[in-house]
There are 2 protein chains.
Amino acid sequence: MASSTERRELGLSIIGLGTQYPPFSLPTSVLDALSKKFYPDSPAMQKVLSINRYTGIDQRSSIGTPDHPLVNGPTAPTITEINKIFMSDGVPLAVSAARQALAEARVEPTQITHMVSTTCTNSANPGYDHFVARDLGLSRSVEKVLLHGIGCSGGLAALRTAANLCLGHAMRGLPARILVVALEISTTLVRSELDSINADQETRIGIALFSDCAGALVLSNGLGTADEALAPPVYELLGWEHHTIPDTESDLGFDVDPLGWKVVLTPRVPTLTQGVLEPAYKALLDALPRPPPETYRTAADYDWAMHPGGATILTGAEKALRITPEHMRASYDTYINHGNSSSATIISVLNRLRSKEMDAMTPDSRGPRDHVVGCAFGPGISVEMCMLRRNLAASSSGLQTPPETESEPSEAGAPASENGDDQASELDEATGTNATGGNKPVIECSGGDTTGNGERLETAKQADAFISEALESVELD
Amino acid sequence: MASSTERRELGLSIIGLGTQYPPFSLPTSVLDALSKKFYPDSPAMQKVLSINRYTGIDQRSSIGTPDHPLVNGPTAPTITEINKIFMSDGVPLAVSAARQALAEARVEPTQITHMVSTTCTNSANPGYDHFVARDLGLSRSVEKVLLHGIGCSGGLAALRTAANLCLGHAMRGLPARILVVALEISTTLVRSELDSINADQETRIGIALFSDCAGALVLSNGLGTADEALAPPVYELLGWEHHTIPDTESDLGFDVDPLGWKVVLTPRVPTLTQGVLEPAYKALLDALPRPPPETYRTAADYDWAMHPGGATILTGAEKALRITPEHMRASYDTYINHGNSSSATIISVLNRLRSKEMDAMTPDSRGPRDHVVGCAFGPGISVEMCMLRRNLAASSSGLQTPPETESEPSEAGAPASENGDDQASELDEATGTNATGGNKPVIECSGGDTTGNGERLETAKQADAFISEALESVELD
């Protein structure tokens, strides 16, 4: 067994995680209805609506129903109106996710030393992180960093930035408890995107993929007062790798617009991201302070927390890394049940991965692996990768017996038990509650919600061929 | 004399600085002309135009002339159009400022390990920092951090974040050379603000204050290969202090809008910022790893690099800290000659402070002090403060003789000599050149450009009474 020193090269641990989806789950039919209500039929609209039925996503989590006034006006809402909803309906989600992470970490809000946040769906000054910090009761001198301009890679970029800040505090002999928060409210852009599809006759598929979510985690550098009962690691952070792919600035983006942000996504993206996975994975291994155990010889020996940007991202990873959907089971599960919530998704995936339900779906029933590779892509195109070591002992080997096991937070009575993704997603949707309000009506899920995840993974794989073909045959934005 | 160990508690040094203003300097009369051309006369417009004549600013630096098509359309430009100009005309300024800083630091672009950038006048994905990094030829794996949501405090917040990252690398025994970049293009918002003044009859004074600028610096943690000829420090970073003032979120902001961003500035701001200076200064002293030398007993014993948010910010600092305009000579000089360029201004002030011209204007002709307090305010309201130790030896005591003295970069032939703020600002304006283009016409400066800075400081102080009165009598946004 590795010694404590060997196990914690950088001394960085994620000691709490939280995910907060909004109360509504939109089936694919929502786009058909909105399109029919506000726009004439057209070839581009037909194509987008067809793709929408085969993304592999069952429902996208959203702060509102299709009847929300914001998306039912005579014109698309402006960036000002979108900002107001982000603050009124989004910030409480981030507060809730953060409270879950703090509770699991056993860290008081006043103990938080830094806050690293990210979003690509808001551009307010003061930033949304200010209001999350205020509502949580963080110290007025907490060092806040709000990352911008990095889209879907924001979750892992925030973790990497937090890791560097953690080490900076370690250098000064100071404890660091860094709250990482990612919040994206994307579904408010549906009318703007439908406008563009109608006016420009472009096959813009962002509205078929994007959803709303808040994710949070607490990163610790392990230093602290002797009497502090620090929670055991959920994941240790062993290292990271980050770079941009040259000459790809125009392939993936999120352009600011009077009506919010417009998705930029060219047909080259799946090929570009697939091509960079293997070299990035090798660079990650080189960047680790210590090589992984000998049992980890190929990519397939790890579990993978891949950002589910779309079905083609996941199937591309299967080809490039010779892994299976079961290696990325939490990515598929999150994608199918909630859609792509941009920067917040990867935190949701990491949270979901440690559930018993996911542990029952490993490749060849081999069981979960403790080494997990996290990966996400963002505009640039940038690739973010990190190596994590999951604390399996807490839930399975019995080496540690924390008061609440991370695979069963629903039994611990902490806030995580109310809203965490650790429970079956169906339960989230059935209760239809969140921190912001009471029992709002739950939108009917699309058909097939009784299908097991295994079958869903297969469906998603079949859908991929269609989407690949669609992407390859059109020039997007 | 302090030992090397004593002098460099954190081991963090700014080893290069660069400022790049755009080629045009707008006199106050520009607002009168634009107002007359596009808007009817009204009480609010009259009031703003009156305040505009007494801000104490002689001219505001701008990427365009008043004839620029962007501000001469039938309606105000959209955030999309503003984004395009930011990228086409702003990014080259940031590249130029960064090249100056790199040249002085004697650091190759490929040696840069991190890049910490900030802006509140852009919201693109990928962020503008991606394009600056690409144009500079930074490594594809440089760790980029783009700060958002912090407005005018962004320059010092970026320096603080860079400092933490520097220490993180020191913890791992790795050299850190962090490029800090601040870029703001504010003058493109003039029509949007004039729209609001006309429509809402609000006394919105942002357009009378804000200007365009790029600032850059290189921060080092001092680690490196033995054969690396590291530039001597320009400033050592000794410590910092940061906090937010409770219940002031609505007093200072920059709200995202289809036409860019709308300034939020209530009459409470000067009082709030003045009130927090003394406690923040005391907290800064407490946060230092080692107390300043005994010769530093009061605030007046330091030099001050105060963000010139407006005349009332500077005069408020005089009252709160019992300091004189001469303590903040570089702040006044930058304000008078260029206006308030938001986050980029503080880097310009720090650059200007080390010029011979500024050293000739110290309080009671006492000469420059090596300890310098930097200070800026931003939305939140947040206050950022840092303690710097200027390397006076390089330029005056002869203890060090670097190839290029930081007070005379114009003689060194480095890029800094072309565009640096170290030269008299008049020269910048007279040459009218920048990295983006050739000899664009220079807009005539307003009257009084032969007045010495001493007289200008006095004029600015007189104008303050008027502005204070104007601010106190109106309810702004």
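Here is the naming used below: chain letters follow the sequence lines, and residue numbers restart at 1 for every chain. Please read all numbers here as calculations on a predicted model, not as lab measurements.
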Counting only heavy atoms closer than 4.5 Å, note whether [X] contacts chain A via side chain, backbone, both or neither.
| X | result |
| --- | --- |
| B:Ile245 | backbone |
| B:Pro246 | both |
| B:Phe131 | side chain |
| B:Val383 | neither |

Check this for me, if you would: do B:Arg268 and B:Asp251 make a salt bridge, where the nitrogen-to-carboxylate-oxygen distance has to be below 4.0 angstrom? yes
For B:Asp135, all residues meeting salt bridge (charged side-chain N to carboxylate O under 4.0 Å, His left out), sequence neighbours excluded: none
Side chain, backbone, both or neither: which part of [X] has an atom under 4.5 Å from a heavy atom of chain B?
| X | value |
| --- | --- |
| A:Asn83 | side chain |
| A:Val142 | backbone |
| A:Ala124 | backbone |
| A:Ile82 | neither |
| A:Ile150 | backbone |
| A:His242 | both |

So do [Y] and [X] actually touch side chain to side chain, heavy atoms under 4.5 Å?
| X | Y | answer |
| --- | --- | --- |
| A:Phe210 | A:Leu189 | no |
| B:Ile178 | B:Val116 | yes |
| B:Thr273 | B:Leu277 | no |
| B:Leu10 | A:Arg172 | yes |
| A:Thr244 | B:Lys144 | yes |
| B:Leu167 | A:Leu167 | no |

At their closest point, which heavy atom of A:Thr119 faces which heavy atom of A:Leu183, and how far apart are they? OG1-O, 2.7 Å
Between B:Leu288 and B:Met387 the two heavy atoms that sit nearest each other are CD2-CB, 3.7 Å
Who among [options] has the most heavy-atom pairs with chain B under 4.5 Å?
| options | answer |
| --- | --- |
| A:Arg140, A:Glu143, A:His130, A:Glu81 | A:Arg140 |
| A:Leu165, A:Leu259, A:Thr78 | A:Leu165 |
| A:His243, A:His114, A:Met171, A:Arg134 | A:Met171 |
| A:Cys120, A:Ser123, A:Ser117 | A:Ser123 |

Counting a contact as any heavy-atom pair under 4.5 Å apart, which residues of residues 156-163 of chain B contact chain A? B:Arg160, B:Thr161
With under 30° as parallel and over 60° as perpendicular, where do the rings of B:His148 and A:His148 fit, or are they tilted in between? parallel
For the residue pair B:Glu384 and B:Ser153, confirm or rule out a side-chain donor-acceptor distance under 3.5 Å. no
Does atom CG of A:Asp247 have more than 12 heavy-atom neighbours, drawn from other residues, nucleotides or ligands, at distances under 6.0 Å? no
